[in-house]
Amino acid sequence: EAGVTQFPSHSVIEKGQTVTLRCDPISGHDNLYWYRRVMGKEIKFLLHFVKESKQDESGMPNNRFLAERTGGTYSTLKVQPAELEDSGVYFCASSQVYGGTEAFFGQGTRLTVV
Amino acid sequence: GESVGLHLPTLSVQEGDNSIINCAYSNSASDYFIWYKQESGKGPQFIIDIRSNMDKRQGQRVTVLLNKTVKHLSLQIAATQPGDSAVYFCAEIAAGGTSYGKLTFGQGTILTVHP
């Protein structure tokens, strides 16, 4: 069974450009989470989808970030326009059971904004 | 705000020794505590969890201890191996709220195991 996959693994963009990150959760997992780790800091929650609905987007830093999960399968996270402080590693995780503790993480996308 | 943090950012041990990684938390309403292992180039990997009504839970070579009195969590790794070298994160899931399953992570501890 395939795990959570994220694409791309690395992205280097200039300030002001747009980047779209993709996450494919484990098949059948209704819960999909986005997290971010900025250099030297802890991993922080961004948002949570249950199927195609946004359950909690309290961690989204500002309106330059837009997450979608059309059809309740894969999800995208778009940053537009990117700023220097958006650099970091973006993780996606999925879980099958609402309320369960075992979330499976993807390998992450390392975003560098220059 | 609520946070989960770590006492030691780095830990170096010899192969075969036991390792103890510590974590302090501040949210008394946490329902579950979880330890994740992150190897270079990979995402966090679930190791073990413990519910807030428990004091101790054992897995394969790992034991998690929870002391609610002092809001302290620890991960003990027995007979540490070079393959255990990674960054270890503690995390908590708060009870209630709009998004169950949402993880709040600590800063992370780098464990290095020397052969």
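Residue numbers begin at 1 in each chain, while the letters A, B, ... track the order of the sequences. Computed from a prediction, not measured in an experiment: that's the story for all the values here.
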Side chain / backbone / both / neither for B/Gln45 at chain A, heavy atoms under 4.5 Å
neither
Is the closest side-chain heavy-atom distance between B/Leu11 and B/Tyr88 below 4.5 Å?
no
Structural part of A/Tyr35 lying under 4.5 Å from a heavy atom of chain B
side chain
Measure centre to centre between the rings of B/Phe33 and B/Tyr25, then say whether the value is under 6.0 Å.
yes
Strictly distance-based, threshold 3.5 Å: is any side-chain N or O of A/Gln6 a donor or acceptor partner for the main-chain N or O of A/Gly108?
yes
Do A/Phe91 and A/Tyr33 have ring centres separated by under 6.0 Å?
no
For B/Leu103, is it the side chain, the backbone, both, or neither that has a heavy atom closer than 4.5 Å to a heavy atom of chain A?
both
With distance as the sole test, does B/Thr80 use its side chain to make a donor-acceptor pair with the main-chain N or O of B/Gly16 at under 3.5 Å?
no
Heavy-atom distances under 4.5 Å only: say whether A/Arg110 touches chain B with side chain, backbone, both or neither.
neither
Heavy-atom proximity to chain B below 4.5 Å, by part of A/Ser58:
side chain
